[in-house]
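Each remark here refers to the structure printed beneath this line.
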Amino acid sequence: MEREPYKLSLVDSHAHLEELDDLPNSLQEAKSAGVCGIIAVGMDIESNRKVLQIAADDPQLVYPALGYHPWQIKEEEVEANLSFIQDRIGEGVALGEIGLDYKIRIKKELQGRVFEKLLDIAHESNKPVIIHCRYSHRRAFESVKKKKIKHAVFHWYSGPVDLLEEILSMGYFISATPALVYSPPHQEAIKRAPLDRILLETDTPVRYQEKESRPKDVRVTLEEVAKLKRLEPYRVAIQTTANAFQFFRISLHGN
Ligand SMILES: [Zn+2]
């Protein structure tokens, strides 16, 4: 790594840590790369349990979010997943990953029902939400708005530009991933969103251009956002880390 004139503090606002076989090493590498916080997102009961444990094991670095991902929804498991989140949400910094995905075969009606119930839990517990949407941006946005959610991040936003304006006008955030290296719609969204509405993330362990990501790759996201915004990376780091602290209502341990 090149010598750095300053020490970065970055937050990876979206990682599936429970899917990593090399977790201790990945966390160590993240710390060495300047990552000071990771939001570990859950997908279902089993992954939520793991996320809570990982965060308990490294509370200075990892913050848990409890979710029920649209890919995981099965009619017969809905009740148990919702109750788990309802019972344990006090231990999490956010609800996520939740949302709508119209590219998959799970019925839209079922996805919509589950999503709205999760948004109700977020509203009652006053937690921010981390939203996944694919071919469903407008629908997801309308639900979030209808449920009067105050704090939402539209993760890896690559949706329509006019909808982005509405998302921003509601005070919501979007997040940037390493896909900025190659994805024009994602680049366009990040170019348009003001820096104080952007969170950085990796969506670890998603593969970008054949390479599996890890939380340290939030550095890639940082560099790409800095290029698009024509700003020095340290300025982008300072603002987006402040955004993440504010959005998830966390603070640096020991400070
Ligand atoms: Zn994800």
Side-chain angles (χ1 to χ4, degrees), residues 10-23 26-27 30 35 37-52 54-55 62-73 81 85 89 92-104 106 111 114-115 118-119 122 127-137 140-141 143-144 151-159 167 172-183 185-186 189-190 198-209 211-218 220-221 224-225 240 244 247-248:
L10 297 170
V11 175
D12 180 355
S13 67
H14 188 125
H16 298 270
L17 295 184
E18 84 288 2
E19 293 179 19
L20 303 183
D21 294 330
D22 59 343
L23 182 62
S26 294
L27 296 182
V35 175
I38 303 171
I39 309 299
V41 297
M43 306 265 287
D44 58 18
I45 294 178
E46 199 194 335
S47 104
N48 285 329
R49 274 191 214 285
K50 289 182 185 162
V51 157
L52 286 166
I54 293 167
V62 181
Y63 302 86
L66 304 185
Y68 192 22
H69 198 291
W71 300 348
Q72 303 303 106
I73 296 173
N81 272 278
I85 293 173
I89 191 58
V93 295
L95 247 100
E97 181 169 1
I98 63 174
L100 300 172
D101 193 323
Y102 289 174
K103 206 181 173 184
I104 54 170
I106 295 163
Q111 289 193 46
V114 170
F115 185 46
L118 290 162
L119 292 174
K127 296 282 178 184
V129 294
I130 301 164
I131 312 280
H132 167 105
C133 39
R134 219 166 28 150
Y135 299 106
S136 57
H137 292 89
F141 170 70
S143 294
V144 171
H151 306 286
V153 56
F154 288 78
H155 136 76
W156 194 338
Y157 189 84
S158 311
I167 286 172
Y172 300 145
F173 283 69
I174 63 171
S175 62
T177 72
L180 283 177
V181 171
Y182 59 82
S183 164
H186 191 34
I190 294 300
I198 295 173
L199 301 179
L200 305 183
E201 59 144 308
T202 60
D203 207 8
T204 287
V206 164
R207 284 176 176 274
Y208 301 95
Q209 296 176 314
K211 199 177 159 284
E212 227 184 64
S213 57
R214 290 294 181 269
K216 68 173 165 51
D217 297 317
V218 73
V220 176
T221 312
E224 294 303 314
V225 173
T240 55
F247 184 84
F248 294 107

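Read the numbers this way: they start at 1 and go in the same order the structure lists the ligands and their atoms.
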Closest Asp203 atom to the Zn ion (ligand 1) [N, O or S only]: OD1

message: Using a strict threshold of under 4.0 Å (side-chain N to carboxylate O), is an ion pair present between Asp22 and Arg214?
response: yes

query: Does His69 put an N, O or S atom under 2.8 Å from the Zn ion (ligand 1)?
result: no

message: Applying side chain to side chain donor-acceptor pair (under 3.5 Å) to Asp203 and Trp156, what does each step give before you reach the verdict?
response: CA-CA 8 Å; Asp203 207 8; Trp156 194 338; over 6 Å; no

Ignoring hydrogens and angles, write down the donor-acceptor pairs under 3.5 Å from the side chains of residues 176-183, residues two or more places apart or on other chains.
unit_1: Thr177; atom_1: OG1; unit_2: Ala179; atom_2: N; d: 3.0
unit_1: Ser183; atom_1: OG; unit_2: His186; atom_2: N; d: 3.3

statement: Across all chains, not counting sequence neighbours, the side-chain hydrogen bond (donor to acceptor under 3.5 Å, both in side chains) partners of Gln72 are Asp44

- prompt: Is the Zn ion (ligand 1) under 2.8 Å from any N, O or S atom of His132?
  reply: no

message: Among the N, O or S atoms of Glu97, which one sits nearest to the Zn ion (ligand 1)?
response: OE1

